[in-house]
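Lettering of chains follows the sequences in order, A, B, ..., and the numbering in each one begins at 1.
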Amino acid sequence: MSEAVALRQPGGSGGAATAQRRGAEPTGERTLVQAINAALALALEADPNVVVLGEDVAQIGGVFRVTEGLKARFGQDRVIDTPLTETGIIGAAIGMAIAGMKPVAEIQFADFIYPAFDQIVNEAAKYRYRSGGDFHVPLVIRTPYGGGIKGGHYHSQSPEALFIHTPGLKVVVPATPADAHGLLLSAIDDPDPVLFFEPKRIYRAVKGPVPAGAERVPLSEARVARRGRAVTCVAWGAMLYEALAAAAAVADDGIDVEVIDLRTLWPVDITTLRQSVEKTGRLVVVQEAPRACGFAAELISLVCEHAFLHLEAPPQRVTGYDTPFPYTLEHDYLPLADRIAAALRGTARFA
Amino acid sequence: MSEAVALRQPGGSGGAATAQRRGAEPTGERTLVQAINAALALALEADPNVVVLGEDVAQIGGVFRVTEGLKARFGQDRVIDTPLTETGIIGAAIGMAIAGMKPVAEIQFADFIYPAFDQIVNEAAKYRYRSGGDFHVPLVIRTPYGGGIKGGHYHSQSPEALFIHTPGLKVVVPATPADAHGLLLSAIDDPDPVLFFEPKRIYRAVKGPVPAGAERVPLSEARVARRGRAVTCVAWGAMLYEALAAAAAVADDGIDVEVIDLRTLWPVDITTLRQSVEKTGRLVVVQEAPRACGFAAELISLVCEHAFLHLEAPPQRVTGYDTPFPYTLEHDYLPLADRIAAALRGTARFA
Amino acid sequence: MVDSLESLRLAPLTLPPPTPAKAGTESLELLANVLRWMLRSRFIDERLEKLQRQGRIGFHVGALGEEGAILGATAALKADDWLVPCYREFAALLYRGYPLERYLDNVYGNCDDVVQGRQMPDHVTSRALNYLSVSSPVGTQITHATGLAWAAKLKGERRVAAVFFGDGATSSNDFHAALTIAGVHKLPTLFLCRNNHFAISVPTSQQCAATTFAAKGAGYGVLGLKVDGNDVAAVVAAVREARARALAGEGPTLLELDTYRLGGHSTSDDPTRYRSQDEFEAFKAKDPVIRLRQTLVQAGAWSEALEADALAQIKAELSQAVSRAEAKAKPPLSSVFHDVYAEMPWHLRAQWREAEAACTAKDASAAAEEGDQDV
Amino acid sequence: MVDSLESLRLAPLTLPPPTPAKAGTESLELLANVLRWMLRSRFIDERLEKLQRQGRIGFHVGALGEEGAILGATAALKADDWLVPCYREFAALLYRGYPLERYLDNVYGNCDDVVQGRQMPDHVTSRALNYLSVSSPVGTQITHATGLAWAAKLKGERRVAAVFFGDGATSSNDFHAALTIAGVHKLPTLFLCRNNHFAISVPTSQQCAATTFAAKGAGYGVLGLKVDGNDVAAVVAAVREARARALAGEGPTLLELDTYRLGGHSTSDDPTRYRSQDEFEAFKAKDPVIRLRQTLVQAGAWSEALEADALAQIKAELSQAVSRAEAKAKPPLSSVFHDVYAEMPWHLRAQWREAEAACTAKDASAAAEEGDQDV
Ligand SMILES: Cc1ncc(C[n+]2csc(CCOP(=O)(O)OP(=O)(O)O)c2C)c(N)n1
Ligand SMILES: Cc1ncc(C[n+]2csc(CCOP(=O)(O)OP(=O)(O)O)c2C)c(N)n1
Ligand SMILES: [Mg+2]
Ligand SMILES: [Mg+2]
């Protein structure tokens, strides 16, 4: 089931991906990869200070071809293949950013971000604070993220919680081509370091319209992807489609689920979240990452702080398990629609 | 107030630190530093495979003198000053551990663990799993941890949540000399990688009896540091004493607080936690680290999952703020007794 | 000892190959055996690439063109030596005696896979053969080798730790850390840099501005040697010397095994996007299989018949291993939850029950759907 | 150009000091100014150490013995060049024109501190003076310098990025990454390694087995030079040459400034635990202040009167700066919550309110307690 789901479009009120269902011309439809590529091209064109750097990003346009064609168009000084050092990519990008450039650094897989972890959490995240605002680091770190492509432990990880726990960083995970486009442009505008996680499972599986212009999607605004009154289901990235599929499945049982696509994980849009839970009284959070100390825990704690008296059932988590990400059994590991549907049913019927 | 608190003993049922209150002979009393030193000496003596390695640990016995005297006693082959590379300390220690040794690696401050982050989360944590149990990594990483010594951003951090989020690791934070001693011995026995965070604010401020022998304190067993019926207050490390001081303060208002010293953060002792909340119906979690995605959020989510119907008030967090750790105003940043007491009152009186 | 190594460093990277005599004490028999393994390695690579194209396996990362460096170095080690792989050295493991079928089990990630289908194909391991676990993050294994060597030294064991890594990996944090520590503590570590001229698409000229990777040794007080990695006899001799130095307490050696990746980076890669056909042809002429075959044939130690025999043998063995591995079941659901820790903690037991329930529900609904269809 | 640098590399690390003539075009005036700053630096170190012992400040990390390397290099740069500090280079910032009182504000972490008391003492910064923010993690600034130089190159600016770091920092991940990238991209970076012979207690012999830290350059295709860091004229000349190379597009230079830490690592350290009095005395004889003073006096460019004047001046300035900084208030509570992001998000606004409430409550209860006592 899950494979098919990944190919479907998000439903709901977002509008971003409704064109396909209405049978729009294929010309308007883009994949996530194409949307990101287009946003990068717009940014490179608009501002000479924007540079793209990372392993294999220039000559071959990245191992997922997200940066394809950019080197040919903007030259090797602005689209740069680096040596194999994530420490160096991020460390040097921080220096560039301090000097007034806008580096968009790629980490080839989110699983390989850890050699740069010190630079991200001890340097980029704290630079503005520790220099009293004298310097700041307008850096975007793009990286393919999440499971579902048979990548095993090291090509499947979802480390967003580590960065949300680090003050000074922003964390974005788009789920639709339009959002990928508009959020990436906002991330590049942003004066602070932004982690931009790209759900690679849906890099090509999802298509949708993308504005031709440079319209921004503002950071820290969630999107209600499906309206409902019975349970609030929060998701992001590739799991949004699983949540929507689960919502559709339980709708047959008369359970009316509201699905929220967070889009920006941190700083989170607490208003949308609180209002939804105040309405539904029930919460299910979907997260690919291992459960313990994941972002779902933070969301549940926030809801306890902001809307406890509205809760009519224990808030639930549907997550990856607290194990490394497996290869053969990845579909048993991932919180796919079946598991979400079961949690939605359990939560909706709790009394 | 907070300085004085740090010098007090834990109360409650633990027994570990009751001697001083009974006026025991000073000979039986040891600081946390002395307890850890004694445990390391016992381990080095008992097993030739145990080695201690890190920056400045040998010649000068560590910047906090925790390993003082060990090089003189066990030789430079077993107590080793390394070059300034946390990547190398942990990477090499993993190799040693795979080869059947029991390295006890020191990271000079928890704030400097990030250059080794990749080795810890991608290698040590996954080695048993990814080799099908063929190899495993019996490694202990000791590191001074937490704020309160005027260390600013980089000598004050509490990064436990990052490691709890990583499957395959165990995380221990002792609060009493006896626990530091017995838990460190258990950590060294343990066949899996253990992060052993030492609350440096109470390195010398807390004294208590330590067994002369090699009694172990088992991992994953919490300690009820003070019995009570009205609110459960969970704490660990240096904040335990703040929680106890707050409990004492609100006891004057007739609020009877149960204080749990987790000791092992992960895997957590869910039984003790659940039973306490089932009894009190109210929960306050104290955590030094920044709030978002910290361990307090996980504890609250676990309680929602295991004891939601027992909750009579919203579970509350008293934590560091979502900013880097400040220098001059560190006592405004830390979740000290005043702030905990306010949360205990608010939670106890919630209706 | 260093002198004799120095001479190898100067060996020009050109045809004709050195005569076996130049290889010093290497016996023709050993070289013939290495050639046989090189042919096996290549046959496996070609077959697995096909299986991947057919969608029968998910992925393969091969050693085309680098067989001489990998198997020459492996042949120079003793069984007791730690062998720390990168991800391209499956043939080294097989050479040490790992059953081919078990390797295919790993490629298929089935229930007999040593790592229970938890990792991608080619991420194999063997404690019995002193062969560490393959990891995908580039470079991380290099510090492990330093630690293994340190343990050997502290325990007074007569063994070395030899670690493979690529040219790209010399830029990793772990390369730097490992050489720093091994240099200071004179650890018996052999750093085997397979310079195959690319890190995926990035050529060595964009990886590092040093004239050679061997030049990095001096910055750590470590002897650095550049060896023609397609000259198998030279590789065997150099690794043997480095091993002898290590055991004599003279410290680690950094060996740059200069070779060339004739295939793509992995089955996911298309090398025509970043290298010219001319360059490829030039290096293909220096193929270590061609060179070693020529040498051995001239010396009367190899023949067409032997070659045909070797190929027939691996063909038969591999067919059988593939069909057996392919027929096996997936690992059980329990494999997801075991081996995270030595003992399974409460939360993983609970999550395992959750996963079982999810499976049961899925099976039930699948059965129900089938039932529907039957109607 | 490289030739003239090579000769500096060979300059023996012995007294007597080189004559000013050897320093090429360095004017005596510039050297006299550097000496004045070296004396100021030393005076400040000695005073701050006392303040720390008296409990009036929390911490200080000084430059005793390393003033020649730090100020010589700084004097060779232009105001426009990026200066990326480690944590020991407060004198470089003052040399560039930072007001002494503002520096003391940072040491006291008071309300006028540029970083609002958020960092430990000596973690100062100045955008106006192109002086980056001091960080405690060792080595992290080295890659930043590479990035700054990269930006300068891409923007076509005529400036270099010079970065200070210690001998211990050469083992850091960032050293390796920075030199790798700067080498490949020929970036105008000056890597200034203050080899003061210790990383806290760990001597260079246990830090790295290479004969010199300068030898590391070759592994990155980067020119590496060892300079007598206590010979100020040599430092100035070497850094000028390296700067000229960088601007000429010839790429980065790694300069090992061989010096010695005459003090403890910081006010928290007791160096007698790890080094002998004999070693200390031997290096004390090579004190750069003594050497430069001798050279300049011989050349008629320095005198006792000038020295007395310089000391009187810094004494007066520092007394005033200390008493003013000490008298200032703490930073406001709001400083904890500002500057995490450019704009404060909702959760920090909420946490700020929490913190205000906690303060108010504490003040109230303190007032109440005082009231109790009054009774
Ligand atoms: C830390 C890290 N960064 C990036 C990658 C993605 N990646 C996989 S292999 C590879 C190139 C490795 O090149 P090299 O070390 O020369 O080895 P080779 O594949 O050529 O044998 C890259 C960039 C990774 N696996 N790990
Ligand atoms: C990553 C990291 N590890 C450890 C420390 C603790 N530490 C602070 S300074 C220092 C020694 C640095 O030595 P060196 O680079 O030679 O500089 P020096 O202090 O001698 O100028 C150490 C180990 C740190 N600050 N950062
Ligand atoms: Mg390569
Ligand atoms: Mg030093």
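Atom CD of C:Gln54 has more than 12 heavy atoms from other residues, nucleotides or ligands within 6.0 Å.
Judged by distance alone, the side chain of A:Gln59 and the main-chain N or O of C:Ser201 form no donor-acceptor pair under 3.5 Å.
Taking all atoms of both residues into account, the shortest heavy-atom contact from A:Asp332 to C:Cys359 is OD1-SG, 3.3 Å. Closest approach of A:Thr328 to C:Tyr108, counting heavy atoms only: OG1-O, 4.3 Å. The shortest heavy-atom contact between A:Tyr154 and C:Gln119 is CE1-OE1, 3.7 Å.
Contacts between residues 316-326 of chain A and chain C, counted as heavy-atom pairs separated by less than 4.5 Å, involve A:Tyr321, A:Asp322, A:Thr323, A:Pro324, A:Phe325, A:Pro326. Residues of residues 75-91 of chain A that come closer than 4.5 Å to chain C, counting heavy atoms only, are A:Asp81, A:Thr82, A:Pro83, A:Leu84, A:Thr85, A:Thr87, ordered by residue number. By a heavy-atom distance cut of under 4.5 Å, A:Val63, A:Arg65, A:Glu68 are the residues of residues 63-72 of chain A near chain C, going up by number.
In this structure, chain A has heavy atoms under 4.5 Å from both the backbone and the side chain of C:Leu333. With a threshold of 4.5 angstrom between heavy atoms, C:Thr140 does not approach chain A through any atom at all. Using a 4.5 Å cut-off between heavy atoms, C:Pro271 makes no contact with chain A at all. Only the side chain of C:Val138 comes within contact range of chain A, with heavy atoms under 4.5 Å apart. Contact of C:Ala355 with chain A is made through backbone and side chain together, with heavy-atom distances under 4.5 Å. Contacts between C:Gln116 and chain A at a heavy-atom distance below 4.5 Å are absent for every atom of the residue.
Looking at heavy atoms from C-beta onward, A:Tyr114 lies out of side-chain contact with C:Pro137 at the 4.5 angstrom threshold. Put simply, the side chain of C:Met120 reaches to within 4.5 Å of the side chain of A:Tyr327, judged on heavy atoms.
Atom CD1 of A:Ile60 and atom CG of C:Asp269 lie 6.0 Å apart (nearest 0.5 Å).
The residue among A:Lys150, A:His155, A:Glu55, A:His153 with the most heavy atom pairs within less than 4.5 Å of chain C is A:His153.
Residues forming a side-chain contact (heavy atoms from CB on, under 4.5 Å) with C:Lys328 (at least two apart in sequence, or on another chain): C:Glu101, C:Asp105, C:Asn110, C:Cys111, C:Asp112.
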